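Just so it is clear: chains get the letters A, B, ... in the order the sequence lines come, proteins before strands, and each one is counted from 1. Given the structure is predicted, the values throughout are model-derived calculations rather than measurements.
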2 protein chains.
Amino acid sequence: MKLSPLGEATRRDQIVRSLRDLIVSGAVPAGERLTETDLSSQMGVSRAPLREAIRELVSSGLLVSQPYRGLFVREFSPRDLEELYSLRTTLEAMAFRHCWDLRDDAALADLDRRHCDLVRTVERGDDPARAIELELALHSWAYELSGHRLLNEAWQRIHPNLQFYFTLHQRAHSRPGPRRDAHEVYVARARGQDLRAMLDHLEDHMRQGLLHTAQLLTHDADPGIRPGTGTTTDIR
Amino acid sequence: MKLSPLGEATRRDQIVRSLRDLIVSGAVPAGERLTETDLSSQMGVSRAPLREAIRELVSSGLLVSQPYRGLFVREFSPRDLEELYSLRTTLEAMAFRHCWDLRDDAALADLDRRHCDLVRTVERGDDPARAIELELALHSWAYELSGHRLLNEAWQRIHPNLQFYFTLHQRAHSRPGPRRDAHEVYVARARGQDLRAMLDHLEDHMRQGLLHTAQLLTHDADPGIRPGTGTTTDIR
DNA sequence: AGAGATTTCATTGTCGACAATCTGAAACAC
DNA sequence: GTGTTTCAGATTGTCGACAATGAAATCTCT
């Protein structure tokens, strides 16, 4: 039996969730300045718990705070995006190395379930935000299965950033959610017996994702993107 | 010319630094409960900035907060330690892959400088806390050189945890600081041309560190430590 | 005396008000 | 006209007091 953690009672946590959803869903434009007074009055709470929630979101990278200057929704430069992808690749490779021998029938069934959810939502076509969520949830499988709490925490920290960026990207180019066949291969590799193949596919998958999103970026002056620099296993 | 970032003016940041030093230096026993009222009165500040500072330390793992229950200094289980080491190994390997081709004369001089500082402090014998600090600063070299901001952030987040644990460990067993020759090899590898050798050494170095510290742990019931599960390159 | 209900008290979570700081524009000197 | 200074307005940072919660101590009933 699996029971979800009961909702945190404290307002701070509610605010964190609420604000995170607000940002990640793209309801506020990236770079937008947020004023605490407005937020607190709109949410019907005092500034004290709001400010604590803000601290949490700042340290997870969704907000940027400049003392006495203001609070801003995070913006993504091409360089930020590349860093996000490279770190993610490294972490996910680590997750697979750790969870590889722990894959039992229950775990694989779990993987299938997540995959089915994703496919269903993608095929339905509406609710692309949900598709993004499920896409990332699919990737969460390896982290959770690994049993590595610290690794999972690290993933949970960059997870909203990816979700946020995907939403931005999708809105900007009104594209459909993630492609189906890419995940077919991913899942197949994850079910297979060849860890090396999984890691290689992972790196390709990530590199493709990076290129796919990066080539559509309008900022073209930043020389941050160098597609090389293997992040998991390539050192030869 | 290198100018250090000018000190944050806000009290919150001062409190963060002050509290972090307090914890990391071992002045407060691990597992100890901290009461906000005491802290705020002792530090001569109100609870508002204190609580915001606490949020920051909680999200970096140095404090544990249970809503309405209390605030506690983080404790390390053998499992926590293993997770810290494995994640650190992965991140540091990534740092070296990223900085490898960026090592120029200035960077190597920087590395030497850090190494000399460490050796001097270790040989002087007093101030073991400073030795720990410099030990970790030596490792920071690769992260900073890599130019990978997100990676550096991740390192900065686990950095205090390591410092904290080393302090605890050193106090408990009144041992001298880090061994000298271990870092001779580390620096030599970092200066060399063989990235593979560096990564292999890194893994050995970390595994030894883990075993060295873990075998002295008194908690022996936790089966968390399984020395296997290579974290960087071993998948053969 | 012992188990359960109740009260008490310390501590955390939240609020509204005040002080410190930044931004921008208007006033001023050259 | 240009550059500097001053001053208002708005916003963030900080404070002290109050409400909500948890845990220990006290009380009650068998």
Can you check salt bridge (Lys or Arg N to Asp or Glu O under 4.0 Å) on A:Glu83 and A:Arg88, steps first, answer last? CA-CA 8 Å; A:Glu83 293 190 351; A:Arg88 179 192 177 185; over 6 Å; no
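Atoms CZ and CG, on B:Arg55 and B:Leu50 in that order, are 10.5 Å from each other to the nearest 0.5 Å.
Checking B:Asp21 against B:Ser18 by side-chain atom types alone, no donor-acceptor pair falls below 3.5 Å.
B:Arg103 meets the salt bridge (Lys or Arg N to Asp or Glu O under 4.0 Å) test with no other residue; sequence neighbours excluded. Take B:Arg47 and apply the salt bridge (Lys or Arg N to Asp or Glu O under 4.0 Å) test, not counting sequence neighbours, and it matches B:Glu36.
Axis angle across the helix from C:dA1-D:dT30 to C:dC30-D:dG1, with five pairs used at each end and values rounded to 10°: 10°.
Using a cutoff of 4.0 Å between basic side-chain nitrogens and carboxylate oxygens, A:Glu133 and A:Arg130 are scored as salt-bridged. Of the charged side-chain nitrogens involved, none lies within less than 4.0 Å of a carboxylate oxygen, so that B:Arg11 and B:Glu52 do not count as a salt-bridged pair.
Applying the salt bridge (charged side-chain N to carboxylate O under 4.0 Å, His left out) definition to pairs two or more places apart or across chains, those involving residues 66-77 of chain B are B:Arg74-B:Asp80.
In the displayed structure, B:Asp38 atom CG is contacted under 6.0 Å by more than 12 heavy atoms of other residues, nucleotides or ligands. In the displayed structure, B:Asp105 atom CG is contacted under 6.0 Å by at most 12 heavy atoms of other residues, nucleotides or ligands.
Counting 5' to 3', DNA chain C first comes under 4.0 angstrom of a heavy atom of chain A and last does so at the ends given by C:dT14 to C:dT23.
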Taking only nitrogen or oxygen atoms into account, show me every contact under 3.5 Å that the protein makes with nucleotides 9-12 of chain D, one pair per line with its distance.
{"unit_1": "D:dT11", "atom_1": "O3'", "unit_2": "A:Arg33", "atom_2": "NH2", "d": "3.3"}
{"unit_1": "D:dT12", "atom_1": "OP1", "unit_2": "A:Leu34", "atom_2": "O", "d": "3.3"}
{"unit_1": "D:dT12", "atom_1": "OP2", "unit_2": "A:Glu36", "atom_2": "N", "d": "3.3"}
{"unit_1": "D:dT12", "atom_1": "O3'", "unit_2": "A:Tyr68", "atom_2": "N", "d": "3.3"}

